[in-house]
Participant: 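Next up is a structure, given as structure tokens.
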Protein chains: 2
Amino acid sequence: MTAPVFEVKLLQHCCNMKLDTIYKRIRSKGGRVTKVRKAIIEILYESGCILSSFDIMLKLRELKIRPNRSTMYRELIFLAHNNVITKNAIAHKDYFELPQDHHHHLVCVGCNSIQKIVIGNHLREQEKIIERENKFQIINHSLEFYGLCRRCRA
Amino acid sequence: MTAPVFEVKLLQHCCNMKLDTIYKRIRSKGGRVTKVRKAIIEILYESGCILSSFDIMLKLRELKIRPNRSTMYRELIFLAHNNVITKNAIAHKDYFELPQDHHHHLVCVGCNSIQKIVIGNHLREQEKIIERENKFQIINHSLEFYGLCRRCRA
DNA sequence: ATATTTGCAAACGTTTTGCATAGTG
DNA sequence: CACTATGCAAAACGTTTGCAAATAT
């Protein structure tokens with residue numbers, strides 16, 4: 001019996017939504033497309049990867065935008081609450097990304113870098129069984145692989 | 001094409017090691033089997049499930065053991081560092097359990113309860129591919145399913 | 001005019017630290 | 001005796017809150 005072949009590939013820029021669609025959604029919820037809010041979305045859009053609150057704060061600084069910490073945290077809550085970004089707790093910290101095709105993360109325990117990977121969504125089948133057997137309604141899952149990235153292995 | 005059938009079952013008490021083996025390991029590392037340390041291990045052994053630092057503190061209180069917070073945190077670090085317990089960060093908090101057969105967790109977003117599930121270790125195959133394709137050496141992974149438990153669904 | 005967004009200061013919950021004391025092998 | 005474990009106080013860390021002022025529609 002041969003092991004099944006899973007598809008594995010890297011993702012680059014691959015947000016599911018256009019920026020305009022995102023802004024429209026914000027306005028449709030009664031929100032305003034402010035400088036900070038817009039910048040956060042663009043930072044996530046440009047980077048194409050998962051970023052911590054702190055990462056985002058740094059990138060805002062690069063853009064000469066210096067919101068108060070609480071403002072930025074509130075923005076992130078607002079955006080996540082309105083499904084404009086997704087929130088993911090990894091190792092005591094919140095990480096954010098724009099909605100994209102189903103994927104998971106490789107977390108380097110050496111340098112704390114996080115990279116995306118796409119593996120076939122084989123958990124979906126298992127989720128159905130888990131829901132049935134445990135009478136537990138699954139909303140989402142989080143799967144991270146911890147290890148050493150290429151640089152840190154050397 | 002029929003969906004593959006995955007094995008799903010609940011775990012109860014199922015630590016891989018006997019308590020004596022654990023104590024021996026601690027002594028072999030130059031550690032002492034103190035009151036607090038022993039109690040923490042027994043609490044995890046008895047409960048058979050994953051517990052937060054806070055949970056453990058509460059259970060210690062039930063046993064009339066009231067260590068300082070820092071003592072307990074240091075114990076948990078010591079035990080995890082010596083592979084007597086495993087540490088798992090879920091939603092900004094550390095959770096601990098005794099080493100046991102490979103399993104994952106169902107995290108209820110309603111009541112924050114966490115239950116164990118065993119699913120066939122299908123990730124092992126994928127891990128090999130991920131390691132090869134990404135030149136990333138995987139040490140372990142963490143997989144949690146978030147959703148609503150039976151009680152919270154009602 | 002009204003609601004949303006912001007800054008500030010202060011608090012939160014969890015975890016870690018430094019240092020002196022107590023306890024154990 | 002030398003070393004490990006503990007208590008205490010204080011800090012670190014990421015995040016959240018209340019409230020008043022500023023801003024946008």
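Keep in mind it's a predicted model, so treat the numbers as computed, not measured. Numbered from 1 within each chain, the chains take letters A, B, ... in sequence-line order.
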Participant: Compare the minimum distances between each of D:dT6, C:dT6, C:dT16 and the side chain of B:Arg74, then state the nucleotide with the smallest one.
Facilitator: D:dT6
Participant: Looking at CG of A:Asn88 and CD1 of A:Ile90, how far apart are the two atoms once the value is rounded to the nearest 0.5 Å?
Facilitator: 4.5 Å
Participant: With nearest nucleotides of DNA chain C determined for B:Val33 and B:Arg69 from heavy-atom distances, which residue corresponds to the more 5′ nucleotide?
Facilitator: B:Arg69
Participant: Under the 3.5 Å rule, do the base of C:dG23 and the side chain of B:Arg37 count as making a donor-acceptor pair?
Facilitator: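 In this structure, the two groups form no donor-acceptor pair.
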Participant: Is there a donor on the side chain of A:Arg32 or the base of C:dT5 sitting less than 3.5 Å from an acceptor on the other?
Facilitator: no
Participant: DNA chain C: B:Phe54 or B:Thr71, which has the more 5' nearest nucleotide?
Facilitator: B:Phe54
Participant: Which one of A:Ile119, A:Val118, A:Leu143 satisfies the side chain to side chain contact (heavy atoms under 4.5 Å, CB included) criterion with A:His103?
Facilitator: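 The residue from A:Ile119, A:Val118, A:Leu143 that satisfies side chain to side chain contact (heavy atoms under 4.5 Å, CB included) with A:His103 turns out to be A:Val118.
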Participant: Heavy atoms only, 4.0 Å cut-off, all strands: where does B:Ser70 land among base, sugar-phosphate and nothing?
Facilitator: base
Participant: Can you tell me if B:Lys116 uses its side chain to pair, donor with acceptor, with the backbone of B:Gly48 under 3.5 Å?
Facilitator: yes
Participant: For B:Ile26 and B:His92, find the nucleotide of DNA chain D closest to each by heavy atoms; which residue's nucleotide sits nearer the 5' end?
Facilitator: B:Ile26
Participant: Please give, in whole Å, the distance from D:dA5 C1' to B:Lys38 NZ?
Facilitator: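 Rounded to whole Å, this separation is 16 Å.
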Participant: Using whole Å, what does the distance between atom P of nucleotide C:dT14 and atom CG of B:Leu58 come to?
Facilitator: 10 Å
Participant: Between the main-chain N or O of B:Met57 and the side-chain N or O of B:Arg69, is there a donor-acceptor pair closer than 3.5 Å?
Facilitator: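 Judged by distance alone, no pair lies under 3.5 Å.
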Participant: Measure distances between side-chain N and O atoms of A:Arg66 and base N and O atoms of C:dG7, and say whether any donor-acceptor pair falls under 3.5 Å.
Facilitator: no
